[in-house]
Amino acid sequence: MNRTTGNSPFSQPDEHGHFGRFGGVFVSETLIAALSELTDAWRAARDDETFWAAFQHEMAHYVGRPSPIYHARNWSQQLGGAQIYLKREDLNHTGSHKVNNCIGQALLARRMGKTRIIAETGAGQHGVATASVAARYGLPCVVYMGAEDVRRQASNVYRMKLLGAEVRAVESGSRTLKDALNEAMRDWVTNIADTFYIIGTVAGPHPYPQMVRDFQSIIGHECREQMVKLAGRQPDEIIACVGGGSNAIGIFHPYLDEANVRLTGVEAAGKGLHTPFHAAALGCGRAGVLHGNRTMLLQDANGQIMEAHSVSAGLDYPGVGPEHAWLQETGRVQYVAASDDEALAAFHALTRAEGILPALESSHALAHAARIAPTLPKDAIVLVNLSGRGDKDMHTVAEYGGLQL
Amino acid sequence: MSRIAATFEHLRQQGRRALIPFLTAGFPDLEHTVPLMHTLVEHGADIIELGVPCSDPMADGPVIQRASEQAIACGMTLRRAIDSVAQFRWTNTHTPVVLMGYANPIEAMGYPTFIARAQDAGVDGVLTVDYPPQECTEFAAALAAAEIDPIFLLAPTSTETRLREVAAAGRGYLYYVSLVGVTGAATLDTAAVAARIPAIRAATGLPVAVGFGVRDAASAQKIGAAADGVIIGSRLIEILEAASDAPEMHRAAGEFLGSLRTALDQPHGAAQ
């Protein structure tokens with residue numbers, strides 16, 4: 001069920017990892033052999049039923065899948081238009097969609113005989129998911145995290161340590177997610193024989209964007225079955241937030257060939273797209289090369305990468321997965337942005353209306369749903385990927401409201 | 001014959017090895033880039049690799065990362081790095097200069113503009129760390145058409161097939177990354193490097209230069225016994241960093257390079 005569609009115009013990437021003019025393998029020669037080894041291993045695993053059987057088993061018994069879809073009746077009624085449904089990735093073990101991919105890559109690591117796991121993390125969600133999975137499989141784990149993020153996300157750092165991972169603070173560059181990714185790449189290049197690098201989003205060099213997408217596509221495949229049972233049909237529109245874009249590609253990909261389903265990605269507009277404080281690589285960026293692939297990037301006139309900004313640390317990335325850049329260019333998916341204020345408003349609205357605390361990342365998708373729902377008829381169906389839970393964001397939300405916890 | 005090919009040919013005739021220092025453009029500041037290039041030549045550099053600083057130097061260790069950050073903070077850009085080469089050429093028309101950096105600044109400028117400016121300035125080679133040959137065929141062809149050598153990396157992990165592919169794409173020289181790791185790492189195994197060189201030579205007629213872990217005269221000499229050139233980067237940057245003032249920086253850089261030159265020019269058996 002995780003296979004991509006065969007003869008679709010969207011059956012990308014090509015064998016070298018290109019999605020149109022985006023994607024590819026833009027890395028130093030020192031990583032080429034490791035990526036070839038990974039690509040070969042991934043191709044073999046992808047065609048192996050026993051690999052997917054093991055994946056499905058873990059999804060059911062460790063993660064708790066399938067995650068339910070919930071009809072948010074109260075909130076829909078308040079908004080006065082379309083019916084809003086939520087794909088509850090927040091109910092997964094470890095609290096977000098991130099774990100789907102970590103399980104998949106950890107199974108691949110074991111299959112390849114790798115004995116050490118590394119990962120990068122921004123807010124800490126991917127780090128926590130990786131640390132959990134590493135504990136589950138008994139693999140030593142090092143998580144790279146920007147020093148600035150280590151400071152901002154102290155409780156997630158502690159969680160990772162409890163899970164047995166070593167958290168290394170990265171002091172270079174802007175000391176955030178992009179620098180953590182650079183440092184993880186440097187570790188990988190140095191320890192290439194025994195180490196598996198679990199990238200947390202649909203970025204990085206080929207085969208990562210494709211591989212992470214294939215693991216996360218379980219989200220959209222479940223939705224296709226669940227929506228028919230629950231609502232009698234597929235949704236009119238699907239909305240997901242986009243940082244690197246793994247939860248969005250996961251829910252979009254199985255729907256790419258359904259021309260009647262509108263797909264909308266929501267980037268972080270931060271303090272506003274007219275300011276330098278946002279993370280809208282698709283909305284405001286230019287094409288370039290970062291972290292092993294060609295994609296849309298926030299950069300200055302000289303081609304130096306700029307710092308992204310968002311109230312949600314998980315969207316705080318100056319690039320975006322190359323498949324999203326391509327889907328934007330083809331027009332199949334539309335990309336919009338929601339500001340910090342709009343995301344916070346949606347956070348509070350859903351929390352009070354439904355008793356569900358969404359992650360601030362997912363709140364950007366909710367913000368766009370809140371924007372369009374009132375303009376749609378009452379029988380329209382909007383499906384939002386609720387990619388994670390908001391418990392991790394209590395401090396940020398309180399601070400934003402002028403409170404100190 | 002390109003300036004790089006001529007340099008290696010001249011050295012070959014003399015039975016000598018190329019000494020190739022790497023300098024981050026704009027480090028420690030804008031005004032010292034060109035004078036430092038001249039200092040390096042005065043003390044024995046045959047070719048200069050001028051690093052174009054990048055915000056995300058994925059293949060570099062902490063020393064060159066720091067230097068890149070400082071250079072960017074000083075205002076160094078790809079445009080200014082090219083201008084530095086043009087200025088260097090006012091008084092030096094014989095020493096080849098290779099621009100070494102990452103793809104994004106080149107893409108931001110647009111590669112046709114980049115190549116035209118580099119050619120005007122007298123740039124001899126371009127090494128783009130995150131442009132492996134298969135991702136930059138047009139760019140490499142356009143460089144070659146402008147008589148600028150596209151220079152590519154080879155790694156200890158490169159397979160035999162890969163070695164032939166890279167050798168076919170490269171010009172000027174092949175840059176052999178001497179270790180599994182980032183620039184400036186302290187784990188260089190000179191014997192392993194020497195053992196690998198014959199396989200590379202079998203795949204290419206290009207000179208082979210070795211870099212990434214060479215730190216002193218002894219390691220330079222051992223590498224020089226097997227390769228056509230020795231690249232030295234992080235250690236040189238550390239020496240510049242440690243200097244208390246500008247005259248001391250030039251003196252220390254010159255002294256260090258001179259020691260490498262002397263070691264490299266000794267008979268090849270002397271390292272054993």
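Numbered from 1 within each chain, the chains take letters A, B, ... in sequence-line order.
- The two residues B/Gly181 and A/Thr30 come nearest to each other via the heavy atoms O-CG2, 4.4 Å.
- Closest of all the heavy-atom pairs between A/Ile32 and B/Gln134 is CD1-NE2, 3.8 Å.
- If you measure heavy-atom distances from A/His291 to chain B, the contacts under 4.5 Å come from both the backbone and the side chain.
- When each of A/Arg186, A/Lys178, A/Met185 is scored by its heavy-atom pairs under 4.5 Å with chain B, the top score falls to A/Arg186.
- Interface summary for chain B: among A/Gly173, A/Ala301, A/Ser36, the most heavy-atom pairs under 4.5 angstrom belong to A/Gly173.
- Exactly one of B/Val182, B/Leu153, B/Asp130 qualifies for a side chain to side chain contact (heavy atoms under 4.5 Å, CB included) with A/Ser28. That residue is B/Leu153.
- Your options are B/Arg79, B/Glu69, B/Glu107, and the one with the most heavy-atom pairs under 4.5 Å with chain A is B/Glu107.
- The minimum heavy-atom distance linking A/Gly24 with B/Glu135 is given by the pair CA-OE2, 3.2 Å.
- Considering only heavy atoms from C-beta on, B/Asp56 comes within 4.5 Å of A/Ile305 through its side chain.
- For B/Pro57, the parts sitting under 4.5 Å from any heavy atom of chain A are the backbone and the side chain alike.
- Proximity to chain A is limited to the side chain of B/Val177, based on heavy atoms less than 4.5 angstrom apart.
- With A/Asn302 as reference, B/Thr77 is the one residue of B/Leu78, B/Thr77, B/Ile72 to meet the side chain to side chain contact (heavy atoms under 4.5 Å, CB included) rule.
- Other residues, nucleotides and ligands contribute only 12 or fewer heavy atoms inside 6.0 Å of the CZ atom of B/Arg171.
- With a 4.5 angstrom heavy-atom cutoff, A/Ala193 does not touch chain B via any of its atoms.
- Shortest non-hydrogen contact noted between B/Asn104 and A/Gln299 is ND2-OE1, 2.9 Å.
- Heavy-atom distances place no part of A/Glu171 under 4.5 Å from chain B, backbone and side chain included.
- Residue contact with chain B, scored on non-hydrogen atoms closer than 4.5 Å, involves the side chain of A/Leu290 exclusively.
- The distance from the CD atom of A/Glu29 to the CG atom of B/Leu174 is 10.0 Å, given to the nearest 0.5 Å.
- Interface remark: A/Arg286 contributes side-chain atoms only to the contact with chain B (heavy atom separation under 4.5 Å).
- Contact of B/Thr157 with chain A is made through backbone and side chain together, with heavy-atom distances under 4.5 Å.
- Both the backbone and the side chain of B/Met58 come within less than 4.5 Å of a heavy atom in chain A.
- Residue A/Leu181 does not touch chain B at all, counting heavy-atom pairs closer than 4.5 Å.
- The two residues A/Gln304 and B/Ser55 come nearest to each other via the heavy atoms OE1-N, 2.8 Å.
- Between chain A and the residues B/Leu179, B/Thr128, B/Asp60, the largest count of heavy-atom pairs under 4.5 Å involves B/Asp60.
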